[in-house]
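The structure under discussion appears below in the form of C-alpha cells.
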Amino acid sequence: MSQRSIMPGFRPSLGFTVIYLSLVVLIPLSTLVFKSFELNWHDYVGIITNKRVLSSFRVSFSTALVAALIASFFGFITAWVLVRYSFIGKRFFHALIDFPFALPTAVAGIVLATIFQPSGFLGKLLIDTLGVQVAFKPLGIVMALIFISIPFVVRTVEPVLLEFESNMEEAASSLGATRLQVFCKIIFPNVFPALLTGFALAFARGVGEYGSVIFIAGNIPYISEIVPLLIVTKLEQYDEVGATAIALTMLVISFVLLLLINVLQLWVRKRSGQL
Amino acid sequence: MNAITQPINPAKLVARQQVALQDADWVRWSLIVIAVSFISLFICLPLGLVIFQAFSKGVVAYWSALSQADTLAAINLTLLTALVTVPLNTVFGVAAAWAITRFDFKGKSLLTTLIDLPFSVSPVISGLIFVLLFGAEGWFGEWLMAHDVKIIFAVPGIILATLFITFPFVARQLIPLMQEMGTQEEEAALSLGAGGWKTFWAVTVPNIKWALLYGVLLCNARAMGEFGAVSVVSGHIRGLTNTLPLHVEVNYNDYNIVGAFASASILAALAVVTLILKSALEWKQGNR
C-alpha cells in the first residue's frame, strides 16, 4: 500500500469522502464554535453558572456515571455467563443483548416510563415493597440509562473473554491457585481494559441520551432535568446562544472525560503488560 | 460504538465452553441466574410490554390507531428519510473505506477519527447544529427565508439530521474488514488487465458484501428510529414533519396510549427484524 500502488480511484474516493464529510459533519459542527463567538466570557459564565443549568449538569453526569457503573457490573457478569457457561436459551439471550441498541429510543422511553410509573407494573411493586419511587426521579433516569448501556458493556467485554487463552488459567490452577485467585490475578486484569472501554462508551452515550430518558424523568427542574432537555428548552424559547453555550460545554466536558479514560486505559494496559 | 458493530460469531460461543475451566456449581448457577434476571428485567420485560400495551384495547383499536392519516403520514416520512439517507451514507462508507484502506496519505488517521465524530455527539446537539445553520437566526436563515425554502421544521432538516446521525455506520463496518483483507486480490485482478470498476465489482464487492449489508442494516435501524436529533429540527407538525418515533411521543403526551404503543409496536418489530437479520449476518460472516 503506497501512493505508487496500481490501485485506481484514489482522487475520486478521497475527494468524495472529504467533501461529503465536510458538508454533512464538519461544517454543521463548526457552527457550534462560531455561534459561541457571539458570546463574551461574562455572558457565557452567566449562562453556565445559572442554578438550573448547573443542576442539570449534575443530574446528567451523576446519573450517567451511576448507570454506567451498574451496567458495567451486570454487563460483565452477563458477558461472562454468555461466553463461559451453557444453559437453555443462551443463544436467544445472546441475540437479545443488542435489543436496546436496535430499539428506537422513544419507544424505550415510553416503555420504561410505563413500567416504572407509580401505577406501573414494577413502579407499584417498588413503592409497595420498598417505598422507592423510580419514575420522575434521578433513579428513573438511571434505569433508562442502564437499559441503553447494556449492549455497550457486554459487546465490548464478550470478544475479549472469547479470545482469552485458557492455557494461562490452566497453568495458574495447576500451580495451585484457587478459582478466585485465577479470576482476580489472571482473568480480570486481562479483561479490565475492555471493561473500561465499555464503561466509557456507556457513560458517553448516557450523558447525551435524550429519547429514552425524557419520558421517565418527569423533567422537574433542579431534580430530574437533564442537559439535553435544557438545550431543547432553550431552543424552544428561541435562545440559540444559550443552547449553544450549554451544548458546547457539555461536548467539551464529555471529550475531556473520554480523554482521561483513554489515558487511564493506556496506564492499565502498560501495567498489565499488554503494550 | 465500534464494539457494538463488531459481529460475533455465535458458533465461537459454543466452542469456547469446551475448554472453559469449570467453576463450582453454585457459582455458575448464581451467575447465570443474575445474568438472566438482569436481561429479563431490562430487555424481555420492555419487549413484552410494547406488545401488551399495543393490544390492550383489542386488535380493532390497534388497527384503527395504525390506519389513521397521521400515523400513515409518519410511516411514509420515516420510510422516505431512510430511503434517502441510507443509500447516501452507504456510498460514502464504501468510498471512505476504499480511500482509507487502499492508499497511504497524510492525515489518514485524522480522517478516520473525524468519521466517527457523529457517534460522540449527543443527538440533541446533532439537531441543534442544523438549526444554527438553517434556522431563522442561522447562517443561511435570511437567504432561505428570502427564497422561500424551508429546511428547519420541514422534511429537508429531518433528512439532514438523520444523515449526520447515521453517518459513520457503513464506513465503520468496512474499514477494519478491508484493512484486514489487504490488496493482493485486487492487485492480481488489475495486473491481469481488469479495469478499476470491474475489479471493484468482481473482486472487492463479493468480499465485503456481508459486512456491507451489516452496516446498511444498522444504519437503516438508526435512520428509522432516530428521535433526539429529528425532534429538534422537526417542529412536530402532525401529518407533515412527524416521523414515526415523533408520532409515538406526540401520542404518548396526549395520553393516547393505544396510539402511542401501536406506533411503537411497528418500531419494536423493526428492531426485532433487525436483530434477526443481524444474527443471520453474523453467522454468514463467521462462516466466511
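First the proteins, then the strands, lettered A, B, ... as listed; each starts at 1.
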| request: Name the region of A/A243, side chain, backbone, both or neither, that has any atom closer than 4.5 Å to a heavy atom of chain B. | output: both
| At a heavy-atom separation under 4.5 Å, does A/L26 approach chain B through its side chain, its backbone, both, or neither? | side chain
| said: Between A/I246 and chain B, with a heavy-atom cut-off of 4.5 Å, which part of the residue counts as in contact: side chain, backbone, both or neither? | reply: neither
| query | Given a strict heavy-atom distance threshold of 4.5 Å, which part of A/L235 is in contact with chain B: side chain, backbone, both, or neither? | reply | side chain
| message | Which atoms of A/L122 are under 4.5 Å from chain B, going by heavy atoms: the side chain, the backbone, both sets, or neither? | response | side chain
| Distance (rounded to the nearest 0.5 Å) between B/R28 CZ and A/W80 CH2 | 12.5 Å
| A/F121, part contacting chain B, at a heavy-atom distance under 4.5 Å | side chain
| message | Please classify the contact between A/S254 and chain B as side chain, backbone, both or neither, with a heavy-atom cut-off of under 4.5 Å. | response | neither
| Which atoms of A/M250 come close to chain B, meaning under 4.5 Å heavy atom to heavy atom: side chain ones, backbone ones, both, or neither? | side chain
| request: Please flag which part of A/Y238 lies under 4.5 Å from any non-hydrogen atom of chain B: side chain, backbone, both or neither. | output: neither
| query | Which bit of A/V81 comes within less than 4.5 Å of chain B, counting heavy atoms only: side chain, backbone, both or neither? | reply | side chain
| request: Under 4.5 Å heavy-atom distance to chain B, tell me which part of A/T244 shows up: side chain, backbone, both or neither. | output: both
| Side chain, backbone, both or neither of A/L103 within contact of chain B (heavy atoms, under 4.5 Å) | both
